[in-house]
Amino acid sequence: MAKKKKTGPVLPVWLKHAWWIIPVLAIAVYIPSFQADFTLDDVLIVEENTYVQSTDKIPDIWTSHYWAGKLDANDTGLYRPLTLTTYNLQYALTGKNPVPFHIFNILLHALVCFVLMKTLSLLIRDIRIVFLAGLWYAVHPLHTEAVAGIVGRAEILAALFILTSMACYDQYRAKGGWNWLLLLMVSTFAAITSKEHGFLVPAILVLQEVYYFFRDKNYVWGAPRKWISFAAASVVAIGMWIFRSGITGPAVPHEQWLNVSASDRMATAVRTMAEYVGMHLWPLHLSADYWTDEVPIVGWANGMVLVSLLILAGLVATAYIVRRKWPAISWGILFFFLTLLPVSNFLFAAGFLKAERILYIPSIGLILAMAVVMVRGIDGAKTKTAALVAAGLLTLMYSGRTWVRAGDWKNNYTLALSTLETSPNSPRFNNMMGLELRDQKKNEEALKYFEKAVQSNPNHVPALVNLGTEYRNMGKLPEAASTLEKALALEPNTLATYVNLMSVYRSMNHLDQNLEVARKAMERFPQSAPVLWNAANAYQLTGDLGKADAIRAQARAIDPNIGTGK
């Protein structure tokens with residue numbers, strides 16, 4: 001008697017036509033951030049960025065580093081012109097209104113979820129895995145920082161074009177056609193100019209090819225189209241790296257990495273990477289900033305580092321063991337590590353200790369691996385019920401946490417409140433809370449937060465500047481002068497330090513010191529109207545009225561409203 005041919009699991013009709021459910025859910029969970037304000041770096045990169053406020057600046061965007069639109073920018077190591085161009089064009093259409101920027105980010109996230117499922121459907125033949133991976137990716141709370149924060153658009157765009165690169169590569173190697181190869185090169189270029197992760201596209205294609213090797217029984221080594229694809233993507237990446245190198249400078253690492261040895265930094269990174277894995281499964285304690293209380297700098301002898309090494313080694317071992325039986329799990333784990341490594345602080349110090357936004361791209365791999373495991377559990381006779389319940393509970397938990405987390409990003413005040421609950425000693429957010437309370441005219445409370453920020457990190461320049469300013473507002477001029485002098489010594493490229501220190505010296509009648517600071521400020525910031533206006537006052541107080549008038553004229557040429565109170 002002939003054996004019955006296996007047909008696989010019977011799928012409900014709705015699942016076969018459910019592509020649009022996921023993007024809709026991706027939008028729905030972010031409803032609380034639709035009306036959000038500019039927060040954190042949104043203010044500097046979008047709201048106050050001179051390169052975003054005029055379409056005439058688009059050519060400059062493509063020949064400048066990411067922070068070039070900020071007069072006192074220190075970090076010249078990033079190059080993301082496509083991301084900045086989207087801000088520029090949107091600013092031209094909608095003006096300085098944060099709502100359209102947030103909505104566009106959320107729509108882009110929905111598009112990424114749709115493209116993710118389409119790309120995975122080319123690689124994986126089980127639509128249930130594709131659907132579950134897309135669902136969890138759409139609602140996972142780890143993505144909130146990238147989606148609800150406008151500057152997270154760099155992560156979203158890079159993810160989008162990495163996925164389209166993968167899809168184009170699959171289609172070209174399978175069908176040929178120069179249109180697919182051209183689209184692959186365009187996608188690689190777009191990914192690179194969105195965020196630095198784009199340079200990984202050639203390596204991601206190699207990993208994709210490894211997946212085909214283990215998935216396909218009749219794998220052909222000599223197929224020329226895959227080698228052409230690798231070469232094309234590599235040429236784009238190398239060419240852009242050379243071009244970019246002529247524009248960018250050194251990146252600025254996080255303040256806490258400055259005196260840390262490479263060995264301790266790498267050990268700390270290993271511990272953090274293991275925590276990232278755990279956060280995918282249980283993302284309840286999230287923060288917009290992680291200080292050394294949450295990310296202690298440790299060495300290799302630390303017990304948690306050794307446990308973390310075992311966890312990471314276990315994941316790599318799992319990827320090797322299941323490479324033939326469940327190649328999608330192997331691909332997902334390796335994709336996670338490949339795309340996390342450049343931003344893990346393991347190879348070099350980045351501008352953060354730990355950050356959720358950088359997981360937007362790596363989580364594609366880990367969430368896929370989780371989805372494969374869950375579907376395999378659903379297929380098991382003994383594990384079916386437990387797996388279905390677990391999948392449902394995780395989806396509800398992820399969705400609810402993202403809804404609440406999206407609300408945290410309403411404005412800097414709500415964000416500071418939520419962040420200080422999880423990272424109470426964060427200098428950055430104690431400083432931010434001080435600024436918010438100052439805007440609310442609660443100066444005594446603001447002072448306490450500025451002081452706590454400086455107590456947590458005596459070398460945190462933004463907090464020193466704001467603390468000095470608060471001392472000045474309260475008439476504590478000697479304290480204000482010493483605090484601002486320290487800020488200037490630590491970082492001579494912060495515009496606000498000069499402006500406030502000149503004001504303090506003027507109030508103390510220290511005219512010579514005022515003039516000395518004014519000269520340094522004009523030399524460093526010749527295009528700043530506030531600097532020039534304060535410098536003019538310094539010259540006037542020393543009796544040089546002609547010089548003062550000439551400098552005021554320069555200031556008014558830059559900002560006609562300077563000195564008018566508007």
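Nothing here was measured: the structure is a model prediction, and the numbers come from that model.
- Among N430, N431, T469, the one residue that satisfies the side chain to side chain contact (heavy atoms under 4.5 Å, CB included) test with F450 is N431.
- With respect to the salt-bridge test (charged N to carboxylate O, under 4.0 angstrom), the residues K410 and D408 do not qualify.
- Residues in residues 89-105 take part in these side-chain hydrogen bond (donor to acceptor under 3.5 Å, both in side chains) pairs, two or more places apart or across chains: Q90-R153, N105-R153.
- Side-chain N/O atoms of T419 and D289 include no donor and acceptor closer than 3.5 Å.
- For the pair R80 and Y66, the distance from NZ or CZ to the six-membered ring centre is under 6.0 Å and the angle to the ring normal is within 45 degrees.
- Within 6.0 Å of CD in Q440 there are more than 12 heavy atoms belonging to other residues, nucleotides or ligands.
- A donor-acceptor pair is defined here as one N or O able to donate and one able to accept, closer than 3.5 Å; no such pair exists between the side chain of T39 and the backbone of N411.
- Here the side chains of M304 and E275 are not in contact, with every heavy-atom distance at 4.5 Å or above.
- Using a cutoff of 4.0 Å between basic side-chain nitrogens and carboxylate oxygens, R519 and E523 are not scored as salt-bridged.
- Looking only at distances, a side-chain donor or acceptor of K486 sits under 3.5 Å from a matching main-chain atom of P458.
- We find that E48 and K70 are not joined by a salt bridge, their nearest charged nitrogen and carboxylate oxygen being 4.0 Å or further apart.
- Neither side chain, T339 nor H197, offers a donor N or O lying under 3.5 Å from an acceptor on the other.
- Side-chain N/O atoms of N537 and R552 include a donor and acceptor closer than 3.5 Å.
- In summary, K448 and E444 do not engage in a salt bridge, as defined by a charged side-chain N under 4.0 Å from a carboxylate O.
- A donor-acceptor contact closer than 3.5 angstrom is absent between the side chains of E255 and N459.
- Checked by atom type, the side-chain pair S263/W300 shows a donor-acceptor distance below 3.5 Å.
- Checked by atom type, the side-chain pair R472/N500 shows a donor-acceptor distance below 3.5 Å.
- Both cation-pi conditions hold for K547 and Y539: the charged atom is under 6.0 angstrom from the six-membered ring centre and inside a 45 degree cone around its axis.
- Looking at L163 and V112, their side chains come closer than 4.5 Å, going by heavy atoms from C-beta outward.
- T85 and W62 share a donor-acceptor pair across their side chains, judged by distance under 3.5 Å alone.
- In this structure, E356 contributes its side chain and S287 its backbone to a donor-acceptor pair below 3.5 Å.
- Listed for the N534 side chain is no donor-acceptor partner under 3.5 Å among the backbone atoms of M502.
- Between F352 and H254, the ring centre distance reaches or exceeds 6.0 Å.
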ask   = What's the verdict on ring-ring contact (aromatic ring centres under 6.0 Å, His included) for H143 and Y360, showing C-alpha distance, side-chain angles and the deciding distance?
value = CA-CA 6 Å; H143 301 154; Y360 190 82; 5.0 Å; yes
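- By the side-chain hydrogen bond (donor to acceptor under 3.5 Å, both in side chains) test, Y398 pairs with no residue at all, sequence neighbours left out.
- Between the side chains of Q256 and T292, no donor-acceptor pair is found at a separation under 3.5 Å.
- Every residue was checked against the side-chain hydrogen bond (donor to acceptor under 3.5 Å, both in side chains) condition with E47, not counting sequence neighbours, and none meets it.
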